[in-house]
Structure formats: structure tokens, C-alpha cells
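Just so we're on the same page: letters track the sequence lines, and every chain starts at 1.
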2 protein chains.
Amino acid sequence: MLRLSKLTDYAVVVMVRLAEVSPGSNPDVQTSPGIAAATGVPEPTVAKVLKTLAATGLVTSQRGARGGYRLARPLHEIPVAEVIAAVDGPIALVACVDGSATECESQGLCPVRGRWDPVNDAIERALSGITLADMREAAVPPMFRVPAFLPAAE
Amino acid sequence: MLRLSKLTDYAVVVMVRLAEVSPGSNPDVQTSPGIAAATGVPEPTVAKVLKTLAATGLVTSQRGARGGYRLARPLHEIPVAEVIAAVDGPIALVACVDGSATECESQGLCPVRGRWDPVNDAIERALSGITLADMREAAVPPMFRVPAFLPAAE
DNA sequence: CCAATCAGGACCCAACCGGTCCTGTTACGG
DNA sequence: CCGTAACAGGACCGGTTGGGTCCTGATTGG
């Protein structure tokens, strides 16, 4: 249940990687192929995710040669809710949440008419309280952290 | 995002209807066709949902002639989380939550290894705090409440 | 004994998601 | 000034999964 798309998962991975950018290294931006190599996520998918994130302003992009992506804000200022909303669309568990009044065919007797709203709100709040920084800190013991290498393909 | 299946929505509708059972009327159980007629949800779908709910013990069933379904517990004792878990399976946002260690192909560098757990837990808690009774009370002004009639089909 | 109703499958269709690719457009660097 | 590297933003296609229907038992009341 509550299946959120794999793309969202990738988005988190990519953004965390974006934050782990070489401390004071050459460029302050990272390219799609670079991130793909570092994370193991297929390159086209990385590009797609990055483009989506850039469209919503979660990351900023630098076009042209020597271009790349960069975090718009530090990890601890980015709630998971924003990432999810950016990739998967707005937080909404069921089809008839608010906007679409024309949806319900049996509108007269639909007993949940907007009833999921408190649930949505509760989840929204829960998700807004967790930032990407929290996700980086938590879980995974440091011993499992890999420095980021490996060409991913073959 | 966070798309939960339409079946879950139906489940809530059906269970609320099950609770709105005629106060002290003829049978204390309701049949699938009856609920379908009252809610507008297609009858086979209602039957399917009811069977699933019965399998998880959220509703009890009476077989044979004059049989039907009945709530196992009052609405205010049933958190939405239980309904969701019953219909849509366990609460898990991403594929690699805990059990499956063989999932991650690029296991060595998967940077979110179990990182969604706190998020899952937060949602789980949020969902456990809301009961079906809350959903019935909230939203929808009483003026929109319909007594339940209409054969649904034509 | 018959009819009504639940039980539990199998099954099919459609929508959506994941993933790839292609064609601009921008800007750095020589 | 030109070539190249990288983002932008589509279109597109295939696989998976959920939504929905139906059929065949099993059970119980009249």
C-alpha cells in the first residue's frame, strides 16, 4: 500500500548524492552521468529525475559545457514531502480529494466525499517533519556507506 | 503520489455503510447486493472487498441463507491503517523496506538502504491515529448526507 | 430438499509507471 | 567564431499491477 514510485526513491538517492558532493572539490555542480556512476542508477533515469527536480526548483541547473546540477537548499531544509510532491505529484491518497468535483459519478451517495482529507493532512504533516538530512543520518550504519565509485554498467 | 488503491477507498465506504446499519432494524447483517445498492459501488467489487475484509477479521460473515456481513468492531476502534493494510497490504512506501535483502541489485552502493523506515513509521503512526469514526464525523456537512437509497444501476 | 449467500479462486482488460531515446538549446573553451 | 558538452523537454514503448467480472463450490436457513 501507499506505494510511492521508484522515481521518488531515486530522487532521494540523487539528492543525497548531490549533497555529498566532493567537499571543496573542483566543480560545485555534478553531471547526470557522474551521479549515475556514483549511485548505480541508470543514467537516463537520473537525467529524468534531475530534470523533474529542476522544474520544481529543488535543484538548480547550469546549462552548457561544464554545467550540471546543484542542490537549491541544504538537505536539512528539504522535507521528504517536497521531494515526493515534486516527483509523484501532490499528496493525495484517493482520486477525489478536492479539486475534481466532476469525478464522482455517484456523487449523491458517495459516503467518503472529501473524507480522506484529514488523513491526507496527517500524512502531509508527518512527511513534512522529516528532511533528507534525517534520512541520510538514520538507518544504514556508516560501515555500509560506500565512497561512491563504480561505473555501474558492467 | 501515495496512491492507495481504489479498493481501499471502497473498503472505507463499505465499512462506514456497515456501521450505519439500520439502528435496530431487521437483520444485524447486510448482504453484498444491499451494500452495493446503498453505496453505489458495483456489486462484485463490494463482494470482493467484503471477502478481503472478512479474511483479515475486520468484518465477520454469516454464511448461508439470510447471511451477510457485520462489523467486527465499532468504527471508532478501527484505525484507517488497519483497513489499508487489509486491502492494500502492509504499509511500505518503497520496495526495499526490510525483509528483502536480495532485492537491491546494486546493493553495495544503494544509498537509501532502509532509509525510508522512519518515514514509513511516521506514516504508520499518523494512520493509526485516525479511525473510521473520525472519517465519518469529519468532512462532509450533514446536509450532504444521504439516507442511502437508490439502486445504483440505472 | 431447495434456495440464498458467502468463499475463493481464475481470468481479462486497461491504465499507469518505469525506462529509453531523440531533437533542440545553451554556454563554455579553444 | 566554431565545436562540444551538457541541460531541456518532449515522444514513445513495453511491462507490471491493480480494477473488475465471473464461475464453481460450501454452508445454512426455511
### Task
Check every nucleotide of DNA chain D for an atom under 4.0 Å from a heavy-atom of chain A, then give the first and the last such nucleotide from 5' to 3'.
D:dA5 to D:dG18

### Task
For A:S61, check side-chain hydrogen bond (donor to acceptor under 3.5 Å, both in side chains) against everything at least two apart and list the hits.
none

## Note on the structure
Sorted by chain and residue number, the salt bridge (Lys or Arg N to Asp or Glu O under 4.0 Å) partners of B:R63 (sequence neighbours excluded) come out as none

What nitrogen or oxygen pairs link the protein and nucleotides 16-18 of chain C at under 3.5 Å?
residue : atom : partner : partner atom : Å
C:dC17  : OP1  : B:R3    : NH1          : 3.3
C:dG18  : OP1  : A:K6    : N            : 2.5

Search all heavy atoms of [X] against all heavy atoms of [Y] and return the closest pair with its distance.
| X | Y | result |
| --- | --- | --- |
| B:R66 | B:V29 | O-CG2, 4.0 Å |
| B:A11 | B:V49 | CA-CG1, 3.6 Å |
| B:I130 | A:A122 | CD1-CB, 3.9 Å |
| B:A36 | B:E43 | CB-CA, 3.6 Å |
| B:L50 | B:V59 | O-CG2, 4.0 Å |

List the atom pairs, donor and acceptor, that lie under 3.5 Å between side-chain atoms in residues 68-80 of chain A and the rest of the protein, sequence neighbours left out.
residue : atom : partner : partner atom : Å
A:R70   : NE   : A:D28   : OD2          : 3.4
A:R70   : NH1  : A:D28   : OD2          : 3.3
A:R70   : NH2  : A:D28   : OD2          : 3.3
A:R73   : NH1  : A:E77   : OE1          : 2.7

### Message
Does B:P42 reach a base, just sugar-phosphate, or nothing at all? Heavy atoms under 4.0 Å.
### Response
sugar-phosphate

### Query
Does A:T45 make a side-chain N or O approach to OP1 or OP2 of C:dT20 shorter than 4.0 Å?
yes

#### Entry: Residue pairs fulfilling side-chain hydrogen bond (donor to acceptor under 3.5 Å, both in side chains) with at least one residue in residues 44-59 of chain A, sequence neighbours excluded
none

#### Entry: side chain to side chain contact (heavy atoms under 4.5 Å, CB included) involving A:P44 - partner list, sequence neighbours excluded
A:P42

### Task
In whole angstrom, give the distance that lies between atom NZ of B:K51 and atom P of C:dA10.
13 Å

### Task
For B:E43 and for A:L50, find the nucleotide of DNA chain D with the closest heavy atom, then tell me which residue's nucleotide is more 5'.
A:L50

### Task
Any chance you could list the contact pattern along nucleotides 23-30 of chain C? Use B for base contacts, S for sugar-phosphate-only contacts and - for none, protein heavy atoms under 4.0 Å, 5' to 3'.
-BBBBB--

